[in-house]
Amino acid sequence: MRVKALEALSLYYNYGVTTLAEGEEVKGGLALHLLETGANVEPLDADAAAYDHQPEPSPKEPESEGAEQASGEADAEVDIDGTAADILAWVDGDEERAAEALALELAKDKPRSTLAKQLEKLAAAGAG
């Protein structure tokens, strides 16, 4: 896979900053990275020309699709093995999320008692 930079580029790639001059040609993984990130490049071979990457939607786009769908997508993101701070950030004061996280935490072999108490308080806030 080969591409040509249509403008001077400076990007972070492979644990370092890479600088490309306008008109510079690159191949392989760097060419793929440039295509994936939507850099201003021109495909120079069939593989690069055939690459049809649709950028990921920005985090703000799902909110416009309705709160119910956005919260449904976020529900799948809870990592019950994550840190307590991460789980509480995911809950974000939502009683339903607190109850869901509490159920998942208590189902573990060794539930974290401090986290469970915090989640119980948050889940009970909606019931009271």
Side-chain angles (χ1 to χ4, degrees):
M1 181 172 296
R2 295 180 355 180
V3 297
K4 177 172 73 172
L6 297 177
E7 65 186 5
L9 299 170
S10 180
L11 61 134
Y12 187 75
Y13 176 73
N14 202 20
Y15 302 105
V17 176
T18 301
T19 304
L20 301 174
E22 183 177 346
E24 187 173 348
E25 295 182 14
V26 295
K27 62 182 180 177
L30 179 56
L32 178 61
H33 178 73
L34 291 168
L35 289 169
E36 287 177 334
T37 58
N40 191 12
V41 295
E42 175 185 346
L44 295 177
D45 62 14
D47 288 337
Y51 186 80
D52 185 26
H53 177 69
Q54 298 297 321
E56 295 295 322
S58 69
K60 293 182 181 180
E61 287 181 25
E63 292 175 18
S64 65
E65 295 172 5
E68 295 168 340
Q69 182 180 359
S71 66
E73 290 172 3
D75 286 346
E77 296 176 12
V78 66
D79 178 14
I80 200 63
D81 294 321
T83 66
D86 289 342
I87 293 170
L88 291 171
W90 178 81
V91 168
D92 193 30
D94 185 302
E95 295 87 10
E96 290 179 17
R97 284 187 174 196
E100 179 182 344
L102 177 61
L104 291 170
E105 183 66 28
L106 294 176
K108 292 171 55 175
D109 290 336
K110 294 183 180 181
R112 296 169 277 189
S113 60
T114 305
L115 175 59
K117 287 178 186 176
Q118 291 174 312
L119 292 171
E120 285 173 355
K121 287 179 187 177
L122 290 169

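Reckoned from all heavy atoms, side chains included, excluding hydrogens, waters and symmetry mates.
- Looking at Ile87 and Arg112, their side chains come closer than 4.5 Å, going by heavy atoms from C-beta outward.
- Between Glu105 and Lys108 there is a salt bridge, since at least one side-chain N of the basic residue sits less than 4.0 Å from a carboxylate O of the acidic one.
- Applying the side chain to side chain contact (heavy atoms under 4.5 Å, CB included) criterion to Ala48, with sequence neighbours excluded, gives Met1, Val3, Leu35, Pro43, Asp45.
- Here the shortest heavy-atom pairing between Tyr15 and Tyr12 reads CA-OH, 3.3 Å.
- For the pair Glu100/Trp90, a side-chain contact is recorded, criterion being any heavy-atom separation below 4.5 Å from C-beta on.
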(request) Show your working on side chain to side chain contact (heavy atoms under 4.5 Å, CB included) between Glu120 and Leu102 and close with a plain yes or no. (result) CA-CA 7 Å; Glu120 285 173 355; Leu102 177 61; 3.5 Å; yes
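- Looking at Leu106 and Leu119, their side chains never come closer than 4.5 Å, going by heavy atoms from C-beta outward.
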If you look only at distance, which donor and acceptor atoms sit under 3.5 Å apart when one is on a side chain in residues 16-31 and the other is two or more places apart or in another chain?
| unit_1 | atom_1 | unit_2 | atom_2 | d |
| --- | --- | --- | --- | --- |
| Glu24 | OE1 | Ala21 | N | 2.9 |

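- Side-chain contact between Leu122 and Asp94 is absent, with no heavy atoms from C-beta onward closer than 4.5 Å.
- Side chains of Val91 and Val78 form no contact here, defined as non-hydrogen atoms less than 4.5 Å apart.
- There is no path of hydrophobic side-chain contacts, each under 4.5 Å, that joins Leu34 to Leu6.
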